[in-house]
Undergrad: 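Have a look at the structure that comes next, please.
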Amino acid sequence: MTELMLTGAVFGAVLGTVFWGAVLLLPWRPTSTREQIELKHEVQFSQNLSNITVLIPARNEAAYIQRTLENVKVQGEGLQIIVVDDQSVDDTAQLAREKGARVITGTPPPTGWSGKLWALEQGLREVRSQYTLLLDADIALSPGIIAALREKAETDKHTLVSLMAAPSMDNTIERLLMPAFIFFFKLLYPFGLANKSDSQMAAAAGGCILVETQALHAVGAFGSLYDALIDDCTLAARIKQTGSNTWIGLSHAAYSHRGYHKLETIWEMVSRTAYTQLNYSLILLMMCTITMVAMFWFAPFTFVLLPDQKTYMISALAWTAMLLAYRPTLIYYHRSPLWVFALPVIGTLYLAMTWTSAIRYWRGERARWKDRQYESKKGS
């Protein structure tokens, strides 16, 4: 290996270590798990929730919808539940009716609309309550969490309150990739910044969002973001731009019961919006690539190419920073801190998913999900 290449590797290692140090030292603490709502008191089932409507878009969710509705129905009294059947070809609608939900038969999305947002738009027309809870069909809620969300909104005067649902971690691929999914999301959308009223950063997790119904209408409801693929964060941004406060946090009381048993399913989920998060920018994609290669490969492993005291020290600092950064997420999801040693592989997989997303966009495919394909502007 030439001296120039070795010098470049050392520079990449230093750069990656500096990046890890910056992640740890940022004042808004993006790696922290302090933003959370957990149920620590005895649940009161008699709470009146009649000022909340649960709105669930569902497309071919027969495997999940009944469990989701069972958990919703025990939340309290007076809760209204609307399921919008988004052109399902399975028993989603029938199973939802069996659990007592009001089912609306959705129509095909108009040109340019994402299917989920069109389903929500149709359902919102039937909502008359003060609050709307936007809930994905695969999210189970622990008893009392809806009341806790409302209390958070009312006490802290938040117009929108959102929970990042705990992902399923029942198999090796989920345990490998899902904690990192949350970790990377929080690096892209730091909760500490998103929850500040004076910050332009806005974030929400679409699986579970409690929002004032009037505020939804004030920003044009879902018609104002009809073609957004990262619709949850876009909605939070619209709400925040009106001067209202938003909040996002973690919780074990909202959790996904949709399993990801293959790498392929997680790959599809991430690649659906990865390039969108980079604003379809080739420059940002290249910067992301350089950053991740420096952080996950040069920083921890340069000592293999050039074994001396300097590179050993750089690698030791990088591994220490990686552990300190990733450890809060691992502990929150009850995973061993030893999973940090898988971060280089994990980071490489997520980078590959991002490139998959970009390549599809360049080919004219903006995204694909639920048997639907959304064309990129480049391809139109």
Side-chain angles (χ1 to χ4, degrees), residues 34-57 67-84 99-102 120 123-166 191 194-197 202-219 221-222 231-233 235-240 242-256:
R34 58 184 173 174
E35 300 91 358
Q36 58 179 264
I37 295 179
E38 301 296 352
L39 300 176
K40 299 179 180 179
H41 52 79
E42 185 176 348
V43 177
Q44 300 295 323
F45 291 97
S46 60
Q47 295 193 62
N48 187 333
L49 302 179
S50 58
N51 66 339
I52 301 174
T53 297
V54 180
L55 186 55
I56 303 175
R67 180 177 173 183
T68 295
L69 292 173
E70 288 169 356
N71 283 269
V72 168
K73 291 181 68 176
V74 301
Q75 294 291 319
E77 298 177 354
L79 193 63
Q80 303 164 70
I81 307 171
I82 296 176
V83 173
V84 182
K99 290 299 178 180
R102 177 185 176 188
L120 289 172
L124 185 62
R125 297 169 184 169
E126 307 300 320
V127 175
R128 302 292 182 266
S129 57
Q130 178 183 358
Y131 290 101
T132 302
L133 178 66
L134 309 176
L135 189 69
D136 279 357
D138 65 324
I139 301 299
L141 302 176
S142 297
I145 189 59
I146 293 182
L149 284 169
R150 184 179 62 183
E151 180 181 1
K152 177 72 175 178
E154 293 177 345
T155 302
D156 296 340
K157 301 187 184 309
H158 294 305
T159 299
L160 179 150
V161 177
S162 176
L163 292 179
M164 175 66 74
F191 291 4
N195 295 343
K196 288 182 177 294
S197 59
C208 182
I209 299 176
L210 182 72
V211 58
E212 292 181 9
T213 305
Q214 179 275 332
L216 269 179
H217 290 295
V219 298
F222 302 104
D231 51 89
D232 41 16
C233 294
L235 174 60
R238 295 278 196 276
I239 296 290
K240 204 168 184 181
T242 66
S244 299
N245 295 326
T246 65
W247 186 90
I248 181 173
L250 305 172
S251 182
H252 291 293
Y255 52 95
S256 173

Undergrad: Shortest non-hydrogen contact from N195 to E35?
TA: ND2-CG, 3.6 Å
Undergrad: Which heavy-atom pair separates E126 from R102 by the least distance, and what is that distance?
TA: OE1-NH2, 2.9 Å
Undergrad: How far apart are the C-alpha atoms of F191 and Q36, what are their side-chain angles, what is the distance that settles it, and do they pass the side chain to side chain contact (heavy atoms under 4.5 Å, CB included) test?
TA: CA-CA 10 Å; F191 291 4; Q36 58 179 264; over 6 Å; no
Undergrad: Kindly compute the distance separating SG (C208) from CD1 (I37), expressed to the nearest 0.5 Å.
TA: 8.5 Å
Undergrad: Please report the shortest heavy-atom distance between A205 and I248, naming the atom on each side.
TA: N-CD1, 3.7 Å
Undergrad: Mind listing the closest non-hydrogen atom pair of R125 and R128 along with its distance?
TA: O-NH1, 2.7 Å
Undergrad: So does L160 get a backbone contact from the side chain of T246, meaning a donor-acceptor N/O pair under 3.5 Å?
TA: no
Undergrad: Could you please spell out the steps behind the side chain to side chain contact (heavy atoms under 4.5 Å, CB included) verdict for L163 and W247?
TA: CA-CA 9 Å; L163 292 179; W247 186 90; 4.1 Å; yes
Undergrad: Flag the pair E212 / I239 as yes when at least one side-chain heavy-atom distance between them is below 4.5 Å, and no otherwise.
TA: no
Undergrad: Is the shortest heavy-atom distance from the side chain of I56 to the side chain of L69 under 4.5 Å?
TA: yes
Undergrad: Short question: side chain of D232, backbone of A203 - any donor-acceptor pair under 3.5 Å?
TA: no
Undergrad: Which atom pairs, one a donor and one an acceptor, fall under 3.5 Å between side chains of residues 133-147 and the rest of the protein, sequence neighbours left out?
TA:
unit_1, atom_1, unit_2, atom_2, d
D136, OD1, K116, NZ, 3.1
D138, OD2, S256, OG, 3.1
D138, OD2, R258, NE, 3.1

Undergrad: Nearest 0.5 Å, what's the OG-CG distance between S197 and N245?
TA: 5.0 Å
Undergrad: As an exercise, state the distance from CG of L210 to NE2 of H158, rounded to the nearest 0.5 Å.
TA: 11.5 Å
Undergrad: Using 0.5 Å steps for rounding, measure from the CG atom of D231 to the CZ atom of F222.
TA: 8.5 Å
Undergrad: Between N71 and Y255, does a side chain to side chain contact (heavy atoms under 4.5 Å, CB included) hold up when you go through it step by step?
TA: CA-CA 11 Å; N71 283 269; Y255 52 95; 3.9 Å; yes
Undergrad: What distance do Q47 atom CD and R150 atom CZ have between them, rounded to the nearest 0.5 Å?
TA: 6.0 Å
Undergrad: Please determine whether side chain to side chain contact (heavy atoms under 4.5 Å, CB included) holds for the pair V84 and L120, giving the CA-CA distance in whole Å, both sets of side-chain angles, and the decisive distance to 0.1 Å.
TA: CA-CA 7 Å; V84 182; L120 289 172; over 6 Å; no
Undergrad: Any side-chain to backbone donor/acceptor pair from E77 onto S50? Under 3.5 Å, distance only.
TA: no
Undergrad: May I ask you to decide if Q130's main-chain N or O and T213's side chain share a donor-acceptor pair within less than 3.5 Å?
TA: yes
Undergrad: Any donor and acceptor pair, going by atom type alone, linking the side chain of K240 with main-chain N or O of A194 inside 3.5 Å?
TA: yes
Undergrad: Quick check: do I52 and L149 have side-chain heavy atoms less than 4.5 Å from each other?
TA: no
Undergrad: More than 12 non-hydrogen atoms from neighbouring residues, nucleotides or ligands closer than 6.0 Å to NZ on K196, yes or no?
TA: no
Undergrad: To the nearest 0.5 angstrom, please state how far the CD atom of E38 sits from the NE2 atom of H252.
TA: 5.0 Å
